[in-house]
Amino acid sequence: MEANQKPFTQRRAWKALAAHRQDWKTHLRDLFAADPKRGERMTAEAAGLFLDYSKNCITDETLSLLVQLAEESGLRARIDAMFRGEKINSTENRAVLHVALRAPRGASIMVDGENVVPQVHAVLDQMADFARQVRSGSWKGHSGKPIKNVVNIGIGGSDLGPVMAYEALKYYSDRSLTFRFVSNIDGTDFAEAVQDLDAAETLFIVSSKTFTTLETMTNAGTARDWLLQRFKGDEKAVAKHFAAVSTNAAAVAEFGIDTANMFGFWDWVGGRYSMDSAIGLAAMLAIGPDHFRGMLNGFHQMDEHFRTAPFECNLPVLMGLLAIWYNNFFGVPTIAVLPYEQYLKRLPAYLQQLTMESNGKRVTLDGAETDYQTGPIYWGEPGTNGQHSFYQLIHQGTRLIPCDFIAFIDPLHPLGRHHDMLLANVLAQAEALAFGKTLEQVRSEGVPDWLAPHKVFEGNRPSNMILAQRLTPETLGSLVALYEHCVFTQGAIWNIDSFDQWGVELGKVLAQRIIPELESEATPSLRHDSSTNHLIQRCRRLKAKTESAGSAGSVR
Ligand code: G6Q
């Protein structure tokens with residue numbers, strides 16, 4: 001029996017960690033007092049990122065047991081299998097090769113006997129060529145005007161990556177172009193995105209791996225109608241105002257998009273791992289091909305670190321193991337990601353999908369139900385905003401919430417003392433969480449007894465500090481790859497498939513059943529549960545009321 005086939009909770013290191021946790025009484029204050037070099041020792045650095053993990057509730061013993069758990073779980077073999085192009089996404093029988101998307105020209109990664117790296121670079125070159133035409137104004141719309149607005153239509157993995165990368169790297173973007181991202185089936189999203197745009201200067205990128213997704217195809221159809229309205233129904237306009245990113249050439253052609261303006265990718269790229277494939281086209285249009293390649297280089301540096309570094313100093317492995325330590329041994333269900341960088345405001349939303357769609361699984365690779373917790377809930381907001389809202393609970397609430405702080409040494413906008421204040425805040429938060437403030441300290445400040453307990457910070461609240469010199473395309477690539485491989489580490493140890501997403505299916509199927517029940521003129525015979533039936537009836541009744549009021553001319 002291979003090591004990772006042994007049930008998780010039966011592994012030697014798991015049992016040792018469980019016993020170690022039982023005896024755990026140590027406060028971070030004591031750990032730091034006992035080891036004056038702890039804050040320098042418990043650090044690691046790679047691909048432009050520095051990780052200080054010293055403010056975690058761990059000792060050297062904890063770390064060595066966690067590394068042992070990774071080894072007993074076959075993490076090394078699983079990493080090698082991914083990089084070899086094996087079909088480790090077993091429930092979909094697919095290779096998992098986002099690492100090939102950033103492999104340098106000349107590298108070789110085989111899938112089914114074929115080196116995929118040349119195809120990757122052929123698409124990157126095609127994207128770069130298109131980006132140069134649009135950015136230089138040589139790509140003309142149907143009426144001969146250059147493109148000024150780019151609207152990406154996609155959802156989930158075909159939206160969250162491009163929008164996050166666009167926001168994160170806005171500093172490097174061409175400000176003469178306007179970018180919008182439409183994802184929601186809610187018509188408001190489309191209406192607001194185009195309300196101030198001239199269709200003659202607008203390019204839509206329909207980003208959909210399958211080109212069948214309800215939201216994306218509905219929004220793309222609405223975009224087509226909006227464009228054709230401007231050009232009085234002249235279908236020839238579509239070729240000049242639509243590009244597609246997809247694996248489904250037939251559906252792209254059927255929609256009316258010239259497949260010369262289609263950018264392909266492959267079934268071995270999962271949606272939430274696709275921001276560095278052609279799905280990143282909108283981001284490339286914004287920042288230009290050179291910066292996009294810089295971002296890919298950052299990803300690749302972190303890939304190489306993950307693939308080769310010993311677990312003890314491997315950033316994604318360390319972060320994955322720490323997440324497991326809290327999740328499985330402290331019963332902690334959540335991790336906050338707190339970037340002290342306004343440009344990273346969409347990073348938490350992006351990471352929500354990356355982490356929770358990947359590791360929100362309750363069945364192992366063998367189909368057995370887990371008897372342990374898997375994927376924690378990731379969430380967050382940029383600092384310092386969060387400090388004035390939910391940090392209260394992190395500091396003084398009853399729950400333990402490990403935090404990942406992310407900060408940069410150099411500001412992109414050096415305005416007065418802003419950046420020193422920002423950095424001081426992130427360092428202070430980590431310090432306050434770890435060391436707190438004792439009752440004695442509070443009393444010594446003359447606080448009356450009745451108020452003192454409210455002012456105590458118990459501390460001992462763990463955090464990671466991720467520092468980089470400056471937010472660049474390279475550091476963004478390294479940072480995203482860090483979390484991708486951190487998720488991989490967790491999934492490998494839990495023995496789950498981090499690359500499928502069956503849990504999104506049921507709701508989609510049920511929605512398809514409910515759409516006609518809401519829309520039909522005749523009263524449908526409903527066969528749901530009593531709550532769903534009642535809600536559908538209520539929606540129909542109130543919708544009809546609005547419609548009849550509208551036809552009577554009383555609606556704004
Ligand atoms: C990501 C998921 C999912 C997917 C969207 C969009 O890993 O698979 O979020 O990206 O459902 O799918 P399409 O790109 O096929 O439209």
Side-chain angles (χ1 to χ4, degrees), residues 91-92 151-160 163 180-195 204 206-229 248 251 254-255 271-272 333-334 346 348-349 352-353 355-363 369 374-375 377-379 390 500-556:
T91 70
E92 295 181 330
V151 181
N152 187 78
I153 299 179
I155 196 163
S158 300
D159 166 70
L160 289 160
V163 72
R180 303 271 160 81
F181 294 82
V182 175
S183 53
N184 204 327
I185 191 78
D186 183 339
T188 297
D189 206 8
F190 182 83
E192 284 292 339
V194 300
Q195 57 87 23
F204 289 100
V206 184
S207 295
S208 176
K209 183 172 170 179
T210 54
F211 230 71
T212 56
T213 306
L214 174 79
E215 292 88 338
T216 302
M217 297 328 295
T218 306
N219 280 321
T222 303
R224 204 168 174 281
D225 294 346
W226 181 77
L227 180 88
L228 292 180
Q229 214 174 12
N248 187 349
E254 200 185 314
F255 181 86
R272 56 193 172 274
T334 160
R346 296 285 296 178
Q352 274 174 203
Q353 180 190 30
T355 57
M356 297 198 271
E357 203 172 43
S358 296
N359 283 341
K361 312 287 161 65
R362 46 171 273 287
V363 169
E369 191 140 344
T374 61
I377 300 152
Y378 278 78
W379 58 284
F390 55 82
D500 62 11
Q501 55 282 314
W502 299 107
V504 304
E505 295 302 325
L506 180 60
K508 285 192 205 171
V509 173
L510 294 177
Q512 287 299 345
R513 187 171 146 200
I514 294 174
I515 292 169
E517 291 170 345
L518 283 176
E519 289 182 333
S520 72
E521 280 195 17
T523 307
S525 89
L526 299 174
R527 289 196 187 80
H528 303 269
D529 59 277
S530 63
S531 162
T532 309
N533 285 345
H534 184 63
L535 289 167
I536 293 171
Q537 283 153 358
R538 187 174 173 85
C539 289
R540 282 181 62 89
R541 203 170 56 246
L542 298 181
K543 201 162 83 98
K545 223 164 128 185
T546 312
E547 280 162 7
S548 64
S551 59
S554 61
V555 166
R556 184 181 93 87

**Item:** Where E517 and P524 come nearest, the two heavy atoms and their spacing
**Value:** O-CG, 3.5 Å
**Message:** If you compare all heavy atoms of S158 against all heavy atoms of S208, which two are closest, and at what distance to 0.1 Å?
**Reply:** OG-CA, 4.1 Å
**Message:** How about CD on Q195, more than 12 heavy atoms from neighbouring residues, nucleotides or ligands closer than 6.0 Å, or not?
**Reply:** yes
**Item:** From T532 atom OG1 to H534 atom NE2, the distance as rounded to the nearest 0.5 Å
**Value:** 11.0 Å
**Request:** Grab the two heavy atoms, one from M356 and one from I377, that are nearest each other, plus how far apart they are.
**Result:** SD-CA, 3.6 Å
**Item:** Gap separating the CG atom of D186 from the OG1 atom of T218, nearest 0.5 angstrom
**Value:** 12.0 Å
**Asked** Step by step, would you call L518 with I536 a side-chain contact (heavy atoms from CB on, under 4.5 Å)?
**Response** CA-CA 7 Å; L518 283 176; I536 293 171; 4.3 Å; yes
**Fill in**
Closest non-hydrogen contact found for D189 with F181 is OD1-O, 4.0 Å
**side-chain contact (heavy atoms from CB on, under 4.5 Å) partner of I185, chosen from L214, I155, T213** = L214
Show me the donor-acceptor pairs, under 3.5 Å and distance only, between side chains in residues 504-515 and residues at least two apart or in other chains.
unit_1: R513; atom_1: NH2; unit_2: R527; atom_2: O; d: 3.3

**CA sep, side-chain torsions, deciding dist, call: S207, T216, side-chain contact (heavy atoms from CB on, under 4.5 Å)** = CA-CA 8 Å; S207 295; T216 302; over 6 Å; no
**Complete:** So salt bridge (Lys or Arg N to Asp or Glu O under 4.0 Å) across residues 207-224, not counting sequence neighbours, yields R224-E235
**Request:** Please check if atom NE2 in H528 has more than 12 non-hydrogen atoms from other residues, nucleotides or ligands closer than 6.0 Å.
**Result:** yes
**Request:** Report the distance from atom CD1 of I153 to atom CG of N219, rounding to the nearest 0.5 Å.
**Result:** 5.5 Å
**Asked** Hey, are the side chains of F204 and V194 touching, using non-hydrogen atoms and a 4.5 Å cut-off?
**Response** yes
**Message:** Are W502 and E92 packed together at the side-chain level, in the sense that at least one heavy-atom pair is separated by less than 4.5 angstrom?
**Reply:** yes
**Prompt:** Would a distance-only check, ignoring hydrogens and angles, find a side-chain to backbone donor-acceptor pair under 3.5 Å from R180 to F190?
**Reply:** no
**Request:** Please lay out, stage by stage, how L160 and R346 fare under the test side-chain contact (heavy atoms from CB on, under 4.5 Å).
**Result:** CA-CA 8 Å; L160 289 160; R346 296 285 296 178; 3.8 Å; yes
**Item:** Heavy-atom side-chain contact between T374 and N359 under 4.5 Å
**Value:** no
**Asked** Can you check whether F211 reaches V206 side chain to side chain, under 4.5 Å on heavy atoms?
**Response** yes
**Message:** So V182 and V151, do their side chains get closer than 4.5 Å, heavy atoms only?
**Reply:** yes
**Asked** Just one of Q353, R272, K361 clears the side-chain hydrogen bond (donor to acceptor under 3.5 Å, both in side chains) bar with Q501, so which one?
**Response** R272
**Asked** Are the side chain of S358 and the backbone N or O of T355 linked by a donor-acceptor pair below 3.5 Å?
**Response** no
